[in-house]
Amino acid sequence: MTFTLATWNINSVRLREGLVARLLRDEAPDVLCLQECKSPVDKIPTEQFRALGYNWMIARGQKGYNGVAILSRLPLTDAGSVDFADLGHARHVAARLENGVTVNCVYVPAGGDIPDREQNEKFGQKLDFLTQMRDSFRAEKPAKSILVGDLNIAPREDDVWNHKALLKIVSHTPVEVDQLNETREAGGWVDVTRANIPDGKLYSWWSYRAADWDAADKGRRLDHVWASADIAASGQGSRVLRDARGWEQPSDHAPVFATFDL
DNA sequence: ATGGTAGGCCTCCTA
């Protein structure tokens, strides 16, 4: 069985309902994981998605901030959620497919501007969130699992437009990169995107603040697709749909895709 | 070195 999965930080699912529908129509992933829905679950618009065959949604939400959802045209069951770092935020939800694969949709805290937990509480929360994820993987090794989402860290030198310039910028500091790698290794997760696309610059996010995001191309790879070691080899055909960053009234993130042949 | 844009909400928070 082959299925395609995409992950996208949508930055308000209500404002960008039309863009989600466009992605579902044009690219037709079997499963679409969304982050930053910025909506309570009962206010997520699902009619257009259902009309396109996406009859399942497992989500966690809150008013105004955060929020994660898994849309699917394959049957899903709710596999729970964890409040990593006890922030009271909707940043994780899991769903199970009929083939037994568990899909985790994660939105790691951005972490504020100052990369120092003494001066910036949000940075500490980001590190704590990752530490608790790591510990959960140590406690129970993931199997037949996929983890995707906006992890808000670009771990490799070629995951950012300028490695040196970003070493002190939250999302690419060594302490975050180490923490993310430790979290990934603790679960035996494989970075499927980079397994499929090992070489060259690769980004999934471009700031709204840059005048000409496409020409300047000062991007970062903040959005990730991981698979547990037992199914990682089945991950194929990864890609970033960069075009979506140029759609009308876009999210600042582009969707990341992977196909699994199980 | 700085400030730049965007979304949601209740006048400023977060990214």
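Chain identifiers are assigned alphabetically (A, B, ...) following the order of the sequence lines, protein sequences preceding nucleic acid strands; residue numbering begins at 1 within each chain.
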**Q** Would you mind telling me which of B:dA6, B:dA15, B:dC13 lies closest to the side-chain atoms of A:Tyr65?
**A**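 That would be B:dC13.
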
**Q** May I ask you to say whether A:Arg60 pairs ionically with A:Asp78, meaning some side-chain N is under 4.0 Å from a carboxylate O?
**A**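 Looking at A:Asp78 together with A:Arg60, the answer is yes, because their closest N to O distance falls below 4.0 Å.
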
**Q** Is the cationic atom of A:Arg91 (NZ for Lys, CZ for Arg) positioned less than 6.0 Å from the six-membered ring centroid of A:Tyr107 and within 45 degrees of its normal?
**A**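 Yes, a cation-pi geometry.
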
**Q** Could you give the CG-to-P distance, from A:Asn152 to B:dA15, as a whole number of Å?
**A**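 Nearest whole value for this atom pair: 8 Å.
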
**Q** For B:dT2 versus B:dA15, give the span between their P atoms, rounded off to a whole number of Å.
**A**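 Nearest-Å result for B:dT2 against B:dA15 at atom P: 23 Å.
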
**Q** Is it true that the NZ or CZ of A:Arg221 lies under 6.0 Å from the centre of A:Trp205's six-membered ring and within 45 degrees of the ring axis?
**A**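 A:Arg221 over A:Trp205 ring: no.
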
**Q** On a whole-Å scale, what distance lies between the P atoms belonging to B:dT14 and B:dC9?
**A**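 B:dT14 and B:dC9 have their P atoms separated by 14 Å.
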
**Q** Check the distance between B:dA15's P and A:His253's NE2 and give it to me in whole angstrom.
**A**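 Result: 11 Å.
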
**Q** Are A:Ser234 and A:Asp261 linked by a side-chain donor-acceptor pair shorter than 3.5 Å?
**A**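 Absent: no donor and acceptor within the cut-off.
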
**Q** Residues two or more places apart in sequence or in another chain: which of them pass side chain to side chain donor-acceptor pair (under 3.5 Å) with A:Arg184?
**A**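 With neighbours one apart ignored, the set is A:Asn181.
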
**Q** What is the distance from CH2 of A:Trp206 to P of B:dA15, rounded to the nearest Å?
**A**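 Computing the A:Trp206:CH2 to B:dA15:P distance gives 21 Å.
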
**Q** Between A:Arg156 and A:Asp191, does any NZ, NE, NH1 or NH2 come within less than 4.0 Å of an OD or OE carboxylate oxygen?
**A**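 Result for this pair is no, no salt bridge flagged.
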
**Q** When the distance from CG of A:Leu166 to P of B:dA1 is rounded to whole Å, what number comes out?
**A**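 Spelled out: CG on A:Leu166 to P on B:dA1 is 14 Å.
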
**Q** When the C1' atoms of B:dG7 and B:dT11 are compared, how many Å lie between them, rounded to an integer?
**A**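 To the nearest whole Å, 15 Å.
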
**Q** How many whole angstroms separate atom CZ of A:Arg220 from atom C1' of B:dA15?
**A**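 The distance from CZ of A:Arg220 to C1' of B:dA15 comes to 11 Å, rounded to the nearest Å.
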
**Q** Applying salt bridge (Lys or Arg N to Asp or Glu O under 4.0 Å), name anything that partners A:Arg25, two or more places apart in sequence or on another chain.
**A**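 Once residues adjacent in sequence are excluded, A:Arg25 has no partner under the salt bridge (Lys or Arg N to Asp or Glu O under 4.0 Å) criterion.
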
**Q** Any cation-pi pair here, A:Arg22 with A:Trp247, using under 6.0 Å and within 45°?
**A**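 Yes, A:Arg22 lies over the aromatic ring of A:Trp247.
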
**Q** Please give, in whole Å, the distance from B:dA15 P to A:Ile153 CD1?
**A**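 After rounding, the reported distance stands at 14 Å.
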
**Q** Would you mind classifying the nucleic acid contact of A:Arg16 as base, sugar-phosphate or nothing, using non-hydrogen atoms under 4.0 angstrom?
**A**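 Sugar-phosphate: the residue A:Arg16, judged by heavy atoms under 4.0 Å, touches backbone atoms but no base.
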
**Q** Residues from residues 110-128 of chain A sitting under 4.0 Å of DNA chain B, heavy atoms only?
**A**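 Correct list: A:Ala110, A:Lys122.
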
**Q** List the residues meeting side chain to side chain contact (heavy atoms under 4.5 Å, CB included) with A:Glu27, not counting sequence neighbours, and say none if there are none.
**A**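 Once residues adjacent in sequence are excluded, the partners of A:Glu27 under the side chain to side chain contact (heavy atoms under 4.5 Å, CB included) criterion are A:Leu23, A:Pro29, A:Arg239, A:Leu241, A:Phe257.
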
**Q** Just how far, in rounded Å, is C1' of B:dG7 from CG of A:Leu19?
**A**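 Computing the A:Leu19:CG to B:dG7:C1' distance gives 14 Å.
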
**Q** Find which nucleotide of DNA chain B each of A:His89 and A:Gly64 is nearest to by heavy atoms, and output the residue with the more 5' nucleotide.
**A**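 The answer here is A:Gly64.
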
**Q** Which residues within residues 33-45 of chain A lie with some heavy atom under 4.0 Å of an atom in DNA chain B?
**A**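 Output list: A:Glu36, A:Lys38.
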
**Q** Mind checking A:Arg91 for me? I need base, sugar-phosphate or nothing, with any heavy atom below 4.0 Å counting as a touch.
**A**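 Answer is sugar-phosphate: A:Arg91 comes under 4.0 Å of backbone atoms only.
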
**Q** Distance check needed: B:dA6 C1' versus A:Tyr208 OH, whole Å only.
**A**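 Whole-Å distance recorded here is 6 Å.
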
**Q** Using a 4.5 Å cut-off between side-chain heavy atoms of Ile, Leu, Val, Met, Phe, Trp and Tyr, which other residues end up in the same hydrophobic cluster as A:Ile153?
**A**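 Other cluster members: A:Val82, A:Phe84, A:Leu87, A:Val106, A:Val108, A:Phe129, A:Leu130, A:Met133, A:Phe137, A:Leu147, A:Leu151, A:Val177, A:Leu180, A:Trp189, A:Trp226.
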
**Q** Picking from B:dG8, B:dA15, B:dC9, which would you name as closest to the side chain of A:Lys63?
**A**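 Given the options B:dG8, B:dA15, B:dC9, the side chain of A:Lys63 is closest to B:dC9.
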
